[in-house]
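What you see below is based on every heavy atom in this structure, not just the backbone, and it leaves out hydrogens, waters and symmetry mates.
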Amino acid sequence: AQSVTQLGSHVSVSEGALVLLRCNYSSSVPPYLFWYVQYPNQGLQLLLKYTTGATLVKGINGFEAEFKKSETSFHLTKPSAHMSDAAEYFCAVRSNTGTASKLTFGTGTRLQVTL
Amino acid sequence: GAGVSQSPSNKVTEKGKDVELRCDPISGHTALYWYRQSLGQGLEFLIYFQGNSAPDKSGLPSDRFSAERTGGSVSTLTIQRTQQEDSAVYLCASSKWTGPNAFFGQGTRLTVV
């Protein structure tokens, strides 16, 4: 069984400030981990993913995340927030078994960016 | 196609009617997933297809919900005798069988009145 916990359903930061969105996961098998972003009335867009190898992964729009197995975490960060980053962010996990399987999502974090 | 295509983008239906939602995955993607996104419920997994078979349909909330996939491509999610609690955005995603990335469509917003 797998699960994802996203701490904070709403996060507000000032433009130019650090963005930190928290994600912890539970998985009985090695995981693949993902961050997706959803803009209003849009589908989900993949920001970045961890599969194997380097634990610090970089994604689009200046975001990055670090896989920490000991902490079962995959927190998303961006050094400097931009107004266009305002959206809902979802962390997701799926099994790393080499073949397709369902994604299990967290409940999402809505990021607000203020001037 | 270039991306996952879902139709219709919006659907308003009367309580008790049946609805069909369509998903056209990315060409060559053998895995297809349906999710439901509703306020307060987050993203719920409904069903997953590998080719035309559904090895995991554990998320279908009731027997009013069914899905099929033909030719290893297009999938249809059918909701019979719709209820107001079925109102949600239904998202479809597809992936390669051995690839980790799932690509999502824009969703179908279903409103049951």
Any side-chain heavy atom of A/Phe90 sitting closer than 4.5 Å to one from B/Gln37? yes

Is there a path of hydrophobic side-chain contacts, each under 4.5 Å between heavy atoms of I/L/V/M/F/W/Y residues, joining B/Val89 to B/Leu110? no

Membership question, hydrophobic clusters at under 4.5 Å side-chain separation (ILVMFWY): are B/Val4 and B/Leu77 in the same one? no

Report, in residue-number order, which members of residues 62-74 of chain A are under 4.5 Å from chain B by heavy-atom distance. none

With chain A as the partner, which of B/Gly42, B/Cys92, B/Ala102, B/Pro55 has the greatest number of non-hydrogen pairs under 4.5 Å? B/Ala102

In terms of heavy-atom proximity below 4.5 Å to chain A, should B/Thr108 be classed as side chain, backbone, both, or neither? neither

In terms of hydrophobic clustering (I, L, V, M, F, W, Y; side-chain heavy atoms under 4.5 Å; direct or indirect links), are A/Met83 and A/Val13 co-clustered? yes

I need the B/Ser95 OG to A/Lys102 NZ distance, nearest 0.5 Å. 14.5 Å

Residue pair B/Tyr33 / A/Leu103, side-chain heavy-atom distance below 4.5 Å: no

By residue number, those in residues 39-58 of chain A with heavy atoms under 4.5 Å from heavy atoms of chain B are A/Asn41, A/Gln42, A/Gly43, A/Leu44, A/Leu46, A/Lys49, A/Thr51

Please tell me whether A/Leu18 and A/Leu115 are part of a single hydrophobic cluster in this structure, the criterion being side-chain heavy atoms less than 4.5 Å apart. no

Could you give the distance from CD (A/Glu88) to CG (B/Leu43), rounded to the nearest 0.5 Å? 8.5 Å

Would you please indicate if the ring centroids of B/Phe104 and A/Tyr36 are separated by under 6.0 Å? yes

Quick check for you: to the nearest 0.5 Å, what is the distance between B/Tyr35 atom OH and A/Phe105 atom CZ? 5.0 Å

Greater than 12 external heavy atoms within 6.0 Å of A/Ile60's CD1: yes

Count the heavy atoms of every other residue, nucleotide or ligand shown that sit under 6.0 Å from CD of B/Glu85, and state whether that count exceeds 12. yes

Counting distance only, does the side-chain N/O of A/Tyr32 pair as donor-acceptor with the main-chain N or O of B/Asn101 below 3.5 Å? no

Path from B/Leu91 to B/Val112 over hydrophobic side-chain contacts below 4.5 Å: no

Cut-off 4.5 Å, heavy atoms of chain A, and the answer for B/Glu44 is neither

